[in-house]
Every structure is written in structure tokens, then in C-alpha cells.
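Single-structure report; data block below.
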Amino acid sequence: MKKSMWFTVLSFTLMIALLAGCAPKANQASNSDVHASSDAASSSTGGAITVAYSEGGQTLDPAEANDLTSDTLVLALYDQLVTYGVKQVNGADIADTTDIKPMLAESWEVASDNVTYTFKLRKDAKFQSGNPVTADDVVFSLEHIKNSNSGGFLYQQATIDSFRKVDDSTVEVKLTRPNQLFLQILAMYSFSVIDQKSVQGDAGDFLKTKTAGSGPFVLEKWDPSSEAILKANDAYWQDRAKLDKVTLKFMKEASTRTLLLGKGDLDLAMEIPPKDIETLKSNENITVRSDASNRILYMGLNTAVKPFDNEKVRQAMSYAMPTDALLKDVMFGQAKQMKSIVASNTPGFSDAGYVYSYNLDKAKELLAEAGYPNGFDFDFTLGSGFKDWEDSATILQAELKKIGVNMNIKKLARAQFLEQVQTKKVQAYFSKWTSFVNDPEYHLGFLANSASSSNYVNYNNPKVDDLLKKAAVETDSAKRNEMYGQIQEMINTDMPYAYLYEYNRIVAFNKDLKGYIFFPDECLRFYPLSK
Amino acid sequence: MLQFITRRMIYLIPSLLGIVLITFILSRVLPGDPALMIAGEQAPQSVVENIRTELGLNDPLYVQFGTYVKQLFQGDLGTAWHTGHTVIEDFAVRLPATIELGIVSLLIALLVAIPVGIIAATKKESILDHISRFFSLIGACMPVFWLGLLLILIFYSKLGIAPAPMGRIGNDILPPTNITGLYLVDSLLTADWVAFRQALSHIIMPAICLSAGTMAIIARMMRSSMLEVIGQDYIRTARAKGLSEGNVIYKHALANASIPTITMVGLQIGYLLGGAVITETLFSWPGVGSYVTESILATDYAPIQAFTLLSAVVYSVINLLVDVIYGLIDPRIRYD
């Protein structure tokens with residue numbers, strides 16, 4: 001028995017040794033190749049970069065992409081008909097969403113009815129497959145977005161009525177009404193142009209994990225559990241990307257991302273916690289960009305439930321909001337005070353009617369007028385997943401205690417939280433909102449329109465609804481912004497939301513990395529980057 | 001023996017069915033709507049409703065359960081919406097990473113804990129015994145995430161001797177040709193020494209982190225069962241016969257003392273699967289542990305159910321193995 005066991009062990013060892021001897025050395029050779037090529041690459045102008053994200057992304061389908069990583073990948077792999085221009089603000093490059101530039105469409109015309117757009121496609125643009133970009137592909141892509149879930153809703157926002165191929169390089173799109181936002185929405189990743197001939201079988205299934213774009217990068221690998229690898233598209237119809245290779249590493253732990261960046265193992269890290277900014281800034285090899293985004297954080301106060309059905313109580317909450325403490329102690333200065341439900345860097349923003357500053361006496365006075373001289377108790381629903389929400393809730397709870405208001409914090413996992421607020425019965429909660437297209441309509445139409453399904457606070461002001469309808473079809477932008485100004489003023493009196501702050505998008509990167517541009521959709525474009 | 005194993009395998013079927021039912025009901029009864037998570041907070045109601053219909057979430061529970069069981073029998077574990085792949089595809093990529101990490105951790109734990117346990121027992125109340133007890137206590141109660149962060153801080157950040165905690169292999173290195181999926185084994189088999197060195201250096205920190213708790217418990221277990229066996233009559237007889245102390249301990253005492261330890265090792269494999277959830281997240285290790293964490297956060301039913309089922313199968317099989325090993329070690333145990 002024992003002898004035979006030893007024999008087995010011995011022969012197994014021999015077998016491994018033999019295998020090791022005979023096995024092709026291909027991989028070893030290729031590994032040394034990799035070393036050689038990466039050494040060569042780092043000395044050339046292009047080079048490779050490693051970037052860290054917290055999540056690995058959910059889909060590669062442009063129409064379904066709905067999270068930071070997926071959106072970023074889509075933007076690297078696909079092109080759109082039009083794109084945003086770039087402006088300089090205080091020496092930093094920032095995308096200008098009101099300046100629409102040609103991309104796959106070399107030009108477009110708007111008919112005098114303001115609803116018919118005719119796009120002329122570039123003749124030299126090719127997909128990564130080698131197929132030319134044609135009007136059929138554009139029609140196919142629009143059809144795909146129309147029938148999708150995530151993109152379908154943007155399609156509605158774009159108010160597209162119909163579209164058709166005029167000839168091989170001309171597409172006509174008709175809108176249901178004049179829409180100032182149409183071209184801005186068209187520049188979004190959701191409206192990427194898809195290579196119809198490359199798609200096999202059901203488009204939705206195919207595009208989820210495979211790509212059919214014309215973008216500056218080719219996908220070499222995408223494994224949401226660890227990494228995605230992008231290589232420059234050598235046959236790109238514009239200048240080839242300056243970077244040869246981009247590796248996206250997915251790491252959940254925020255402190256690890258900061259650590260790796262500081263040590264030089266990463267070239268760029270997204271989603272840096274505000275508390276780490278000072279440490280990173282003290283590292284001379286790191287550039288920190290903290291740009292004002294149009295992502296806002298607010299406290300929803302349910303106007304259909306006592307005591308927040310009373311306007312004075314809602315105003316009192318704004319007087320009790322310790323804005324300075326939140327900005328300093330929670331966000332470490334990486335956020336801005338909010339003075340309207342529309343973000344301050346959105347064209348059409350107005351802080352008219354915002355009179356609130358931290359003043360507990362005034363808050364107490366208003367509570368007394370509303371019939372709550374001794375304060376009240378209320379339930380606050382806190383969605384998990386964001387450290388700053390928890391910290392802000394704790395600070396606010398302590399402030400409210402001083403005026404006799406007891407805020408009972410009920411913490412829920414994210415999925416449950418979303419389910420709860422949808423019922424529109426939650427008394428008070430925190431939530432964030434991003435305007436992808438940087439226009440007041442986007443914020444107001446969802447948060448203040450009484451018919452909106454995202455209006456979880458049951459805010460209902462007929463005057464606001466009426467103005468929203470008028471502003472949506474107004475083609476004169478000055479008049480339109482004036483109406484949005486009036487709406488914001490009314491909301492600043494009704495205060496269905498108490499404002500916390502406007503977030504900054506924090507990105508930290510190696511000093512050698514050049515060409516970073518901030519986009520209001522907060523997605524990184526790898527194309528302009530160089531090292 | 002064969003009969004025993006067959007019978008145990010048959011018993012496995014009803015318990016697995018029970019587990020399938022319980023995990024299905026638990027994941028459905030707990031609040032949280034996957035359709036809302038898929039659509040995102042800014043999506044209108046109609047989109048959410050579409051997704052719900054697509055996923056079959058509007059069907060009554062028993063219909064959903066029926067579909068699920070039918071798929072299971074066809075070997076289909078469903079699709080994870082948060083990755084876009086089927087659960088089988090995801091597991092195929094991630095499971096080897098977790099198995100490799102688990103095996104290496106278990107090896108480290110056993111290689112350290114068994115000698116330490118034996119020495120602590122034979123040199124009872126000596127300074128060595130006290131030191132081992134001190135470290136076992138620390139090892140058993142130290143939170144995994146804290147130990148992991150500490151290891152990263154010391155060995156990567158301060159000393160710079162460990163590689164960046166970024167997965168299984170360096171950035172510019174090709175993984176070895178896929179044979180078993182275990183990088184260490186595959187790189188050995190293909191004699192890819194570059195990849196082997198890389199894989200080894202990447203696995204050491206997470207493996208030590210994961211093994212700490214197991215190591216401590218096995219060492220304590222080994223010590224106490226060894227002490228019990230040493231006190232037995234037959235050991236005294238062996239000594240009286242004039243056998244050397246080494247012979248007494250390693251030939252006569254060790255086999256008998258290892259039975260409770262083997263039970264403990266079996267249980268610890270379950271712990272390693274659980275501990276992997278935290279360790280993998282810390283070290284960006286692309287295994288099933290981090291996958292399940294993501295799935296839970298995303299309310300992605302299919303992978304959660306599949307992982308529970310997998311854990312149940314692993315646990316049952318290990319228990320069976322433990323029972324079989326008993327018989328091999330101790331001839332007094334018979335299976336009739």
C-alpha cells in the first residue's frame with residue numbers, strides 16, 4: 001500500500017517535470033516580449049496608462065450604459081454624430097455643452113420649422129471593422145436607442161418623432177417640438193453610432209459584451225471583476241489616440257486607490273474620497289483636479305405628509321442647514337454651496353429667492369409660526385452607499401436637536417432605499433441628481449414637475465408646471481432662461497427640497513499625464529490624454 | 001465504504017432542494033427591487049416597468065420559482081445583469097481565483113498551525129506555549145479587513161517589498177496559458193517562470209491575510225487534542241516500551257490527535273469562502289467573493305442564489321470527505 005503510494009507520487013512528479021520540460025515556451029517568450037514592448041512604449045511619446053475605477057461596469061451597449069465605468073468605456077469605443085466643444089475656465093479645460101461640434105456628422109442643417117434636422121455624414125469615417133459609416137448605421141442606432149431601456153428615456157427627452165435615411169450619407173430627424181436640448185442629447189454616449197453589419201443576432205444581447213463602434217480605442221479585454229484593456233485604434237478616422245494602451249483597474253477600496261496613485265502604480269484615479277485630497281496634493285508627482293460638477297445633493301421634504309406639508313416648516317429646515325460645517329467637515333472643501341435646485345454652473349441657473357443662511361433663531365421662529373413651537377419628530381430615510389450622506393445626516397441631526405426637532409435616521413440598503421422613495425410616502429431623505437446635458441430643464445422637469453415620477457416629494461405648484469411647459473418649447477434662449485429663473489425663484493420660496501451642496505468631480509493623476517478635460521457628464525475621455 | 005458514500009450523496013439531494021427553496025424565497029422576500037437598480041434613480045416609471053416585465057418580476061412567486069428550478073435542471077444558473085454575462089461564465093472566470101487563494105491560505109495555515117500546535121502541547125506551559133497562545137488569540141480576533149489594510153500599509157506602502165494589491169498578476173504580464181485556471185499551477189505546468197514569480201508574489205499577502213484566523217483556530221485545536229491524547233494510557237505504554245519521544249508523538253499521538261483538527265479544517269474551508277469576500281475586495285482579487293459582494297449590493301438575484309448553492313455543495317462534499325478521512329486515519333471508525 002505504502003509503496004504504491006510513493007510510486008504514484010514519484011510518477012506524478014516526473015510527469016510534471018516532463019511536462020514542464022516539453023511545454024512550449026511560447027508564453028514565457030511572449031511575457032518577455034511584453035516586458036520589452038512595455039519598456040519601449042514607456043520611452044516613446046505614446047505609452048500606456050493604468051487608471052482605477054471603483055466599479056467594473058455593467059454593459060458595453062451604448063443605449064443601456066448607465067454607470068460611470070460603462071459610460072466611459074462606450075465613449076472610448078464609439079463615436080457620436082456630434083460632440084461638445086472645449087473652453088478654458090481659469091486655465092483648466094472644460095467641455096462646453098452649449099458648443100456643439102461635428103463628429104461623425106460633418107455638418108447639419110435645421111429647417112425653418114425648427115423641428116427638422118438634416119445630418120451630412122463624413123465620407124471618410126470607418127468603423128473598427130473596416131465598414132464605412134453610413135446612413136443605414138445611423139438609422140439602425142437610433143432604432144436601437146428607441147427600443148432600449150436606459151437610452152429610451154433619453155430618446156424621449158430628445159423628443160425625436162421620426163428619422164429616415166435620405167441617401168447613403170444623409171439622415172433626416174424630425175422632432176415632435178422645437179427642442180433646445182436635442183443636439184446636446186445627441187452628443188451623449190447613449191447616441192453612439194453602431195456598426196449595423198458587425199452586429200450578429202439580437203442587437204441587445206450582442207452589444208452587451210461585444211463592440212461595434214468607430215471609436216479611438218479598440219477593446220482588448222473587459223472583465224468587470226478585475227480590469228478592462230483598451231488599445232489605440234490604428235485605423236481611426238481622425239488622428240490616432242496619443243496613448244497606445246489604457247488599462248482600467250477595478251478596485252472597490254477607495255483607500256487602496258489613493259495609496260496606489262501616491263506610490264506611482266496608477267496614472268489616474270477616479271472617485272477619490274475628499275478626505276484624501278490634502279494628502280495627494282502634498283505629493284509633488286500628483287495633480288489633483290477638482291471641478292464643479294452639476295451633481296447636487298439635497299434633502300427631499302415630502303410636501304404631502306405632516307409636518308412638511310407646511311411651507312414654513314420646510315423653510316425652517318433650510319435655516320437650520322449647517323452649510324459651512326457640511327462643506328468643511330464632510331466634504332473637506334471639495335463641494336460648493338447650493339442655492340437653487342439647479343446646479344450653479346448650469347446655464348440658466350438663478351439663485352433668486354434664496355434667502356437662507358444658517359440661523360437657528362430664525363428656524364425656531366418659523367417653527368413657532370407654523371404651530372410647532374416645541375419642535376417635532378420625523379423619520380429620515382438614509383440610503384446606504386455614500387459616506388458623505390451618512391456624515392451629513394449625523395451633523396444635521398445634531399443641529400435639528402438644538403431646535404427641538406428629532407430626526408430619526410433609518411438606514412436602508414440602496415436597493416431598498418430606491419424602492420421606498422418611489423412610493424412617494426417617505427417623509428424625508430437625501431438624494432443626488434445629475435444633469436447629463438447641463439440644462440435647467442433636466443433638473444426642473446424631473447424634480448419640480450408635479451407629473452414627474454421622480455418628484456418623490458409630491459411637490460405641486462401649478463404655476464411651476466405651466467411655466468415648465470412654456471419654457472420647453474421656447475426657442476429664444478434668453479426668454480427661456482428668464483422663465484427658468486422664475487421657476488427657480490418659486491421653488492426657493494416653496495422649498496420642497498433643502499439644499500446640502502454641489503459636488504466636485506475629483507480626479508487625481510500623475511503629473512506626466514497631459515490633456516485632461518472635464519466633461520459635465522463626469523466621464524473621462526482617454527482620446528485627448530497623453531503621457 | 002462505497003455504499004456509505006453513495007448513501008450520503010443521495011441524502012444530499014433533498015438538502016440541496018431545501019437550500020434552493022430557502023435562498024429563492026429569502027432573496028425575493030427581502031425588500032429591494034432589482035429593476036430600480038438596473039434603471040437607476042433618474043429613470044422614469046415606464047422604464048422600470050419594462051425591465052420588471054423583461055425579468056419576469058411581475059409573475060407570481062411560484063411561477064418565478066418554477067422557471068428557476070427548470071433552468072437549474074438544465075444547468076442554467078441564470079444571467080447576472082450587473083455584468084451582462086451568464087452566472088456560469090462569470091464563475092468560470094472567478095472561481096479559480098478563489099480556489100487558488102483558498103488553497104494557498106489553507107496550506108499556509110496548516111504548515112504553521114500544526115507544528116505550532118504540537119510544540120505548544122509537548123512543551124506545555126513553556127514560554128513557547130505562551131507565545132503561541134498569545135498569537136493565536138490575536139489571530140482569532142483580528143478583523144480580516146484590518147489585518148489586510150495593515151499588511152498593505154507595511155509591506156507595500158512603507159517597505160515597498162510587496163507588489164501593488166491589484167489582482168493576481170502584474171499589469172504587463174500575460175497570465176499563464178489557461179489549463180486549470182490556477183495561475184500558480186498553470187505557470188508551473190507551462191514552465192512560465194515570469195508568470196509564476198508574479199503570481200506567487202501577488203498571492204502571498206492576501207493568502208496570509210485570509211489564513212490568519214484559520215491558523216489560530218487550528219493551532220489551538222491541535223494543541224488541546226494533542227494534550228488529551230498524550231494523557232492516554234497507550235501513550236504511557238509506548239513510552240514504557242522505550243520508544244523515542246519523537247516516535248511517540250509523531251507515530252502514535254499525531255494520527256489520533258488529528259481527528260478533531262480535521263473536522264475543524266473542514267469547517268474552516270467554509271470560513272475561507274466567507275473571509276474571501278472581504279480579502280478579495282481589499283486586494284482587488286478577481287474571485288467569487290468580490291463578485292458576490294457586488295451582486296448583493298446590486299440586488300442581482302441569480303449570482304447570489306448560485307453562490308449559496310455552490311457553498312452548500314462545497315460544504316456537503318467537504319463534510320463527506322472529512323468523514324471518509326476519519327476512516328482512513330482511525331481504523332476503529334467503520335461505515336456500515
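As the structure is a computational prediction, the values presented were derived from the model and not from experiment. Proteins come first, then strands; the chains are lettered A, B, ... in the order of their sequence lines, and each starts at number 1.
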Show your working on side-chain contact (heavy atoms from CB on, under 4.5 Å) between B:Met166 and A:Thr256 and close with a plain yes or no. CA-CA 9 Å; B:Met166 266 199 301; A:Thr256 312; over 6 Å; no
Considering residues at least two apart in sequence or located in another chain, which fulfil the side chain to side chain contact (heavy atoms under 4.5 Å, CB included) criterion with B:Leu95? B:Ile99, B:Val288, B:Leu310
Considering only heavy atoms and a distance below 4.5 Å, find which of B:Phe283, B:Trp81, B:Trp285 pairs most often with chain A. B:Trp81
Other residues, nucleotides, ligands: >12 heavy atoms within 6.0 Å of A:Lys410 NZ: no
Proximal component of B:Leu149, with respect to chain A [non-hydrogen, under 4.5 Å]: side chain
Could you state the interatomic distance from CD (B:Glu280) to OG (A:Ser226), rounded to the nearest 0.5 Å? 11.5 Å
Euclidean distance, B:Ser290 OG relative to A:Met251 CE, rounded to 0.5 Å: 12.0 Å
Got a second to check how far B:Thr79's OG1 is from A:Lys208's NZ, nearest 0.5 Å? 7.0 Å
For A:Lys263, look at atom NZ and say whether over 12 heavy atoms of other residues, nucleotides or ligands are found less than 6.0 Å away. yes
Do you know which of A:Asp223, A:Ile229, A:Val421, A:Leu260 has the most heavy-atom pairs under 4.5 Å to chain B? A:Leu260
Top contributor to chain B interface from A:Glu419, A:Gln420, A:Lys249 [non-hydrogen pairs under 4.5 Å]: A:Glu419
Residue, of A:Asp61, A:Thr59, A:Thr209, that accumulates the most heavy atom pairs under 4.5 Å with chain B: A:Thr209
Would you please name every residue forming a side chain to side chain contact (heavy atoms under 4.5 Å, CB included) with B:Arg28, sequence neighbours left out? B:Phe24, B:Leu61, B:Gln64, B:Tyr301, B:Gln305
Separation of A:Ser148 OG from B:Asn50 CG (nearest 0.5 Å): 10.0 Å
Atom CG of B:Leu2: over 12 foreign heavy atoms under 6.0 Å: no
Is it the backbone or the side chain of B:Ser157 that comes under 4.5 Å from a heavy atom of chain A, or both, or neither? both
First locate atom CD of A:Glu64, then atom CD1 of B:Ile51, and finally report the distance between them rounded to the nearest 0.5 Å. 7.0 Å
If one checks every heavy atom of A:Asn66 against chain B at 4.5 Å, the contacting part turns out to be side chain
Who wins among B:Glu294, B:Arg168, B:His85 for the most heavy-atom pairs under 4.5 Å with chain A? B:His85
Sidechain-backbone polar pair: A:Lys252 side chain, B:Thr293 backbone, donor-acceptor under 3.5 Å: no
